[in-house]
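A short worksheet on the structure shown next.
Keep in mind that the numbers below use all heavy atoms, side chains included, and drop hydrogens, waters and symmetry copies. By convention in this document, chain letters (A, B, ...) are assigned in the order of the sequence lines, proteins followed by strands, and residues within each chain are numbered from 1. Predicted model, so just to flag it, every value in this text is computed and none were measured.
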Amino acid sequence: MKQLKITTWNINSLRVRLPQVLDWLKVHQPDVLALQETKVVNDKFPQEAFAKIGYHAWYSGQKTYNGVAILSREELQNIITDLPNLEDPQRRILGATLGDIRLLNLYVPNGGDLESEKYSYKLNWLERVKDYLQKSLVKYPRFIVLGDFNIAPEDQDVYDPEIWYENILCSTRERKALKNILNLGFYDSFRLFDQEQMSFSWWNYRQGAFRRNHGLRIDLILISKDLISNCKKAVIDKEPRRLKQPSDHAPMTSFFT
DNA sequence: ATGGTTGACGATCAA
């Protein structure tokens, strides 16, 4: 397998973060960058800016909220923006094929709080994604599901599990929904390697959370069993979070050979 | 005690 570097990054508005994304791409040159929360309609997607530095772009956006995109050095095929078993006006899904690898970029619903309709929407949405992946994995044994999952898989992915106990992003039912996806035969690539304690990918803008490393690891790259032997490294790059006007999320990258 | 931050948008809503 050719060397491959694949990144996920929730950039919380592509219009605001475009210069940072371009700078990051120039320095790190991943083969694929999956973006979430682009918050830009398709007509206004800045594809020329990416073309200039050698990236093709595919995107599924909407006004104000959500929106996903995939940037890639190589052409991608078989693009999908919706699942056949999930009708959803919210633009949260982008699937594509790179060579013999299938990619699914997800912006999983946040869920609001546990009593809200947003929470049941989140749980149902994850169930539909799981059903879709179960079928799709048969066709594409080399599969990468990546994005902002809005779920911290385990307590080790939370700076203070007691504060977050049964809170949104950490609750039992959503963790179970993620586990159901993993049980199809996916692996959290970050945990295939030794990592520092207290490694996170998201820090609230409030209360100096980043400075105090009060974060959660909710941005994930899941890989199917057939890709495990190819996966050599997985890292979260905290540098962009230190910049002025940062996204509240850091980019996460997995490396393959 | 309150509000604590950011973004889209143009009053609040979402995260």
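Spacing between atom CG of Asn66(A) and atom C1' of dA14(B) amounts to 9 Å, rounded to whole angstrom units. At whole-Å resolution of the value, OH in Tyr119(A) and C1' in dA15(B) are 17 Å apart. Atom C1' of nucleotide dC9(B) and atom NZ of Lys39(A) are separated by 11 Å, given to the nearest angstrom. Following rounding to the nearest Å, Tyr65(A) (OH) and dT6(B) (C1') show an atom-to-atom distance of 13 Å. Rounded to an integer number of Å, the gap from Asn204(A) CG to dA15(B) C1' is 8 Å. Rounded to a whole Å, the CG atom of Asp148(A) is 16 Å from the P atom of dG7(B). Straight-line distance from the OH atom of Tyr205(A) to the C1' atom of dA8(B): 13 Å, rounded to whole Å. A straight line from NZ of Lys244(A) to P of dT6(B) spans 12 Å, rounded to a whole angstrom.
Residue Gln245(A) places at least one side-chain N or O under 4.0 Å from the OP1 or OP2 atom of dG7(B). Dashed line: the shortest gap from a side-chain N or O of Lys63(A) to OP1 or OP2 of dA8(B) is not under 4.0 Å. Residue Arg17(A) has a polar side-chain atom (N or O) positioned under 4.0 Å from OP1 or OP2 of dG7(B). For Lys118(A), a side-chain nitrogen or oxygen approaches OP1 or OP2 of dA15(B) to under 4.0 Å.
As judged by a 4.0 angstrom heavy-atom cut-off over every strand, Tyr107(A) is placed among residues touching the sugar-phosphate backbone only.
Between Tyr55(A) and Pro30(A), the closest heavy-atom pair is OH-O, 2.6 Å.
Each of Gly112(A) and Arg206(A) lies near DNA chain B, and the nucleotide nearest Arg206(A) is the one positioned closer to the 5' end. Along DNA chain B, the nucleotide nearest to Glu37(A) and the one nearest to Ser13(A) differ in position, and the one closer to the 5' end is contacted by Ser13(A).
Residues Leu4(A) and Leu98(A) form a side-chain contact, since some pair of their non-hydrogen atoms from C-beta on lies under 4.5 Å apart.
There is a side-chain donor-acceptor pair under 3.5 Å between Ser254(A) and Ser189(A).
Taking the side chain of Arg15(A) as heavy atoms from C-beta on, and the options dA15(B), dG7(B), dA8(B), the nearest nucleotide is dA8(B).
To the nearest whole angstrom, the two C1' atoms, one in dA15(B) and one in dC9(B), are 16 Å apart. Using P as the reference atom, dG10(B) and dA1(B) are 37 Å apart when rounded to the nearest Å. Taking atom P in both dA11(B) and dT5(B), one finds a spacing of 24 Å when rounded to whole Å.
Arg212(A) has no carboxylate O lying under 4.0 Å from a charged side-chain N of Asp160(A), or vice versa, which leaves the two without a salt bridge.
The closest donor-acceptor contact from the side chain of Arg91(A) to the backbone of Asp88(A) lies under 3.5 Å.
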